[in-house]
Amino acid sequence: MVRLPIETKDGEFVAYYSELGLAGLEFPKEKGESDRFSSDKSTPSAEVRRWHALTTKALKQVLAGHTPETLPPLDLSSGTEFQQRVWKVLCGIGSGKTMSYMEVAAAIGQSKATRAVGSACGANPIPVLIPCHRVLAANQGLGGFSGGLDWKRKLLAREGVEYIGSSTRQRTLGLAIV
DNA sequence: TAACATTCCGCGC
DNA sequence: GCGCGGAATGTTA
């Protein structure tokens, strides 16, 4: 597994590559301890470098609120079949659009597995590139987010998505916060 | 078995 | 109509 940093305006992301492709992505850390385990000294293969270039480009586009045209190959082998189906659906959501957990569940033919869909999103190894942040609750409220809710808010805001402010119980209230 | 990044239904105000 | 409690439901470690 190869570990490579990606510099962006929002901080230093870290990408992980396996033999198959991009296997993971981490949000910037708070503290500057990133050098600690930058162990992998060996120069990445040409293939990995090519993937990394694509990842970097794609990541920056998403951070700018766009849908990347090209993604590097993704290594999703770590997930279960159900999770991979969910992630595949997520990849189909365009920038500026959103789906509810319920809609995603329906999209994979199990409209009642809403909660399971939530779990699958949380298990997503590659946030941002797999747009797990575009999944909202049924009433367009923010659900949750592994990497911190702030990121979800920020990403949605950049894409011009309207969502409901705080957490759980805002369904009957048609109050959209822009 | 327990834990979830959910949803829906029903009741009291 | 609004707000809250609680049950239902599928997948995972």
Side-chain angles (χ1 to χ4, degrees), chain A residues 1 3 6 8 10-16 18 20-30 55 58-59 61-68 71 74-178:
Chain A
M1 192 86 103
R3 174 186 187 281
I6 300 179
T8 73
D10 296 287
E12 184 180 75
F13 286 72
V14 181
Y16 294 89
S18 71
L20 301 174
L22 178 63
L25 187 66
E26 280 181 8
F27 284 104
K29 297 176 183 175
E30 299 281 332
T55 303
L59 177 60
Q61 289 188 35
V62 175
L63 290 178
H66 301 297
T67 302
L71 290 178
L74 307 180
D75 179 7
L76 271 32
S77 58
S78 60
T80 67
E81 196 199 324
F82 176 84
Q83 291 170 336
Q84 294 186 26
R85 253 184 314 185
V86 171
W87 299 338
K88 195 176 172 185
V89 170
L90 299 191
C91 289
I93 310 179
S95 173
K97 295 181 187 174
T98 62
M99 275 196 190
S100 66
Y101 291 98
M102 198 177 51
E103 286 170 322
V104 174
I108 58 177
Q110 312 201 296
S111 51
K112 290 172 190 163
T114 56
R115 216 152 168 205
V117 167
S119 299
C121 292
N124 168 18
I126 315 175
V128 184
L129 255 44
I130 294 180
C132 44
H133 58 277
R134 299 201 189 122
V135 183
L136 305 179
N139 46 7
Q140 299 215 274
L142 300 169
F145 198 66
S146 322
L149 225 42
D150 284 343
W151 277 106
K152 187 165 185 173
R153 276 194 282 262
K154 184 181 294 187
L155 291 168
L156 289 174
R158 284 184 192 176
E159 296 180 5
V161 171
E162 296 188 356
Y163 55 89
I164 305 288
S166 53
S167 44
T168 38
R169 290 261 179 252
Q170 306 252 352
R171 57 180 161 228
T172 44
L173 176 59
L175 185 86
I177 298 182
V178 193

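Every heavy atom of this structure was used, including side-chain atoms; hydrogens, water molecules and symmetry mates were not. Lettering of chains follows the sequences in order, A, B, ..., and the numbering in each one begins at 1.
Scanning residues 79-96 of chain A for heavy-atom distances under 4.0 Å to DNA chain C yields A:Thr80, A:Phe82.
For DNA chain B, the stems formed by at least three consecutive Watson-Crick or G-U pairs, with both atom-pair distances below 3.5 Å, span B:1-4 with C:10-13, B:6-13 with C:1-8.
A 4.5 Å side-chain heavy-atom check between A:Leu59 and A:Leu129 finds at least one atom pair inside the cut-off.
Not counting sequence neighbours, the partners of A:Arg134 by the salt bridge (charged side-chain N to carboxylate O under 4.0 Å, His left out) test are A:Glu159. Annotation: side chain to side chain donor-acceptor pair (under 3.5 Å) contacts of A:Ser77 (sequence neighbours excluded): A:Asp75. For the ring pair (Phe, Tyr, Trp, His ring centres under 6.0 Å) test, no residue two or more places apart in sequence or in another chain qualifies with A:Trp87. The ring pair (Phe, Tyr, Trp, His ring centres under 6.0 Å) check on A:Phe145 picks up A:Phe27, with sequence neighbours excluded. For A:Lys97, the salt bridge (charged side-chain N to carboxylate O under 4.0 Å, His left out) test picks out no residue, with sequence neighbours left out. Every residue meeting the side-chain contact (heavy atoms from CB on, under 4.5 Å) condition with A:Thr80, not counting sequence neighbours, appears here in chain and number order: A:Phe82, A:Gln83. In this structure A:Lys154 satisfies the side-chain contact (heavy atoms from CB on, under 4.5 Å) test together with A:Asp10, A:Trp151, A:Arg158, sequence neighbours excluded.
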Review item, nucleotides 11-13 of chain B N/O atoms under 3.5 Å of protein N/O:
none

Detail all sub-3.5 Å separations between protein N/O atoms and N/O atoms belonging to nucleotides 4-6 of chain B.
unit_1	atom_1	unit_2	atom_2	d
B:dC4	O2	A:Ser119	OG	3.1
B:dA5	O4'	A:Gly144	N	3.3
B:dA5	N7	A:Ser146	N	3.4
B:dA5	N7	A:Ser146	OG	3.2
B:dA5	N6	A:Cys121	O	3.2
B:dA5	N6	A:Ser146	OG	3.3
B:dA5	N3	A:Tyr101	OH	2.4
B:dA5	N3	A:Gly144	O	3.3

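Of the possible polar contacts, one joining the A:Lys152 side chain to the A:Val135 backbone as a donor-acceptor pair under 3.5 Å is found.
Phosphate contact (OP1/OP2 of C:dT9, side-chain N/O of A:Gln110, threshold under 4.0 Å): absent.
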For residues 113-120 of chain A, run the donor-acceptor check on the side chains, cut-off 3.5 Å, and write out each pair with its distance to 0.1 Å, sequence neighbours left out.
unit_1	atom_1	unit_2	atom_2	d
A:Ser119	OG	A:Arg115	O	3.4

